> 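First, the structure itself, so that you have it in front of you.
Worth saying up front: this structure is predicted, and the values here are computed from it rather than measured. Just so we're on the same page: letters track the sequence lines, and every chain starts at 1.
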Amino acid sequence: ILNVEQSPQSLHVQEGDSTNFTCSFPSSNFYALHWYRWETAKSPEALFVMTLNGDEKKKGRISATLNTKEGYSYLYIKGSQPEDSATYLCAFLAGTASKLTFGTGTRLQVTL
Amino acid sequence: NAGVTQTPKFRILKIGQSMTLQCTQDMNHNYMYWYRQDPGMGLKLIYYSVGAGITDKGEVPNGYNVSRSTTEDFPLRLELAAPSQTSVYFCASRSGTLSYEQYFGPGTRLTVT
């Protein structure tokens with residue numbers, strides 16, 4: 001069983017704060033690391049798919065980095081807005097590449 | 001493109017009843033998945049398929065069955081529904097290409113009473 005851990009479990013920030021979360025995954029047999037954004041009562045939507053060590057991806061105010069050698073990825077949100085409130089999931093794709101293993105997510109709440 | 005569609009959106013079942021959750025994708029994806037959302041536990045994989053005619057168990061397959069007769073459809077069958085199967089069920093699909101993300105359906109909220 002692959003272990004994908006996310007921290008913190010939940011986070012409450014003020015509008016305008018910058019924040020970051022961590023995803024830890026096995027450092028061996030790496031294929032890809034996915035990040036998803038999951039709003040309440042909706043379905044998860046992909047933010048990034050990262051495949052190479054040292055990868056950095058950016059979409060607006062959200063960015064992510066990847067370190068496959070040590071088995072972690074960071075997701076950064078700059079200048080948080082209330083609409084960023086969601087659960088952020090990471091998912092690890094191992095060498096067999098047939099199924100993702102999801103972390104339990106970081107729940108972000110941004111208040112005015 | 002419709003993407004991944006699921007029916008029904010909501011359903012209430014009595015204990016012991018059976019039902020099929022439908023999932024269809026129009027992106028010609030080989031990989032399809034069924035997850036359930038358990039509170040505080042994120043997504044748990046029930047079953048998955050890497051292509052038509054091929055299915056395999058995920059983490060929590062007990063009480064469920066699947067079939068994959070076409071590339072587009074991946075129905076999930078609940079036999080003898082139990083209260084523990086009350087959950088939100090998500091179907092998802094993915095291209096076999098390494099760098100492609102997974103697409104999720106809108107979910108089916110199932111209550112077993």
Side-chain angles (χ1 to χ4, degrees), chain A residues 1-10 21 23-25 29-53 55 57 59 62 64 66 68 73 86-108, chain B residues 2-7 9-10 21 23-25 27 29-51 54-61 66 68 74 87-109:
Chain A
I1 296 178
L2 297 172
N3 199 25
V4 179
E5 295 184 351
Q6 292 188 247
S7 62
Q9 194 169 9
S10 65
F21 330 129
C23 173
S24 300
F25 52 86
N29 206 21
F30 176 86
Y31 241 53
L33 193 283
H34 293 213
W35 281 100
Y36 291 84
R37 183 171 179 273
W38 192 5
E39 290 182 71
T40 303
K42 295 188 177 181
S43 51
E45 291 185 348
L47 284 171
F48 305 115
V49 176
M50 309 177 80
T51 57
L52 298 173
N53 185 43
D55 239 356
K57 301 269 188 178
K59 186 180 287 188
I62 304 176
L66 178 68
T68 61
S73 176
T87 295
Y88 292 83
L89 295 172
C90 70
F92 173 73
L93 189 62
T96 55
S98 59
K99 57 185 178 3
L100 291 167
T101 299
F102 281 86
T104 54
T106 293
R107 185 170 181 170
L108 174 67
Chain B
V4 181
T5 57
Q6 291 182 238
T7 57
K9 289 186 179 176
F10 305 95
L21 280 66
C23 174
T24 300
Q25 54 90 11
M27 297 173 280
H29 286 168
N30 289 328
Y31 294 82
M32 295 189 74
Y33 307 87
W34 274 107
Y35 297 92
R36 54 179 285 170
Q37 177 190 4
D38 292 331
M41 301 293 287
L43 292 169
K44 294 290 186 184
L45 182 65
I46 305 171
Y47 270 96
Y48 67 102
S49 168
V50 301
I54 306 169
T55 62
D56 207 348
K57 296 178 181 179
E59 301 170 80
V60 290
V66 292
R68 183 97 181 269
F74 190 40
S87 189
V88 181
Y89 291 83
F90 290 98
C91 179
S93 73
R94 185 170 65 85
S95 163
T97 304
L98 176 63
S99 60
Y100 281 41
E101 69 258 39
Q102 195 157 289
Y103 293 86
F104 286 83
T108 294
R109 184 175 292 275

> How close do A:Pro44 and B:Phe104 get, counting heavy atoms only, and between which atoms?
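What the structure gives for the nearest pair is O-CD1, 3.4 Å.
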> What part of A:Phe48 gets closer than 4.5 Å to chain B, counting heavy atoms only: side chain, backbone, both or neither?
neither
> Does atom CD (A:Glu39) have a neighbourhood of more than 12 heavy atoms from anything else shown, all under 6.0 Å?
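Check passes, neighbour count above 12.
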> What distance do B:Gln37 atom CD and A:Phe102 atom CZ have between them, rounded to the nearest 0.5 Å?
12.0 Å
> So what's closer than 4.5 Å to chain A heavy atoms on B:Tyr103: side chain, backbone, both or neither?
neither
> With a 4.5 angstrom heavy-atom cut-off, which part of A:Leu89 approaches chain B: side chain, backbone, both or neither?
side chain
> Please check this pair: side chain of A:Ser43 against backbone of B:Gly105, looking for a donor-acceptor N/O pair closer than 3.5 Å.
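Yes.
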> Does atom CZ of A:Arg37 have more than 12 heavy-atom neighbours, drawn from other residues, nucleotides or ligands, at distances under 6.0 Å?
yes
> Quick check for you: to the nearest 0.5 Å, what is the distance between A:Leu100 atom CG and B:Tyr31 atom OH?
10.5 Å
> Any idea which heavy atoms bring A:Lys99 and B:Arg94 closest together, and the distance?
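Answer, listing the atom of A:Lys99 first, then B:Arg94: N-NH2, 4.3 Å.
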> Can you find a pair of side-chain heavy atoms, one from A:Leu93 and one from B:Gln102, that are under 4.5 Å apart?
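SC-SC contact between A:Leu93 and B:Gln102 ruled out.
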> Give a yes or no answer on whether the side chain of A:Tyr36 reaches the backbone of B:Glu101 with a donor-acceptor pair at less than 3.5 Å.
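Not confirmed, A:Tyr36 side chain does not pair with B:Glu101 backbone.
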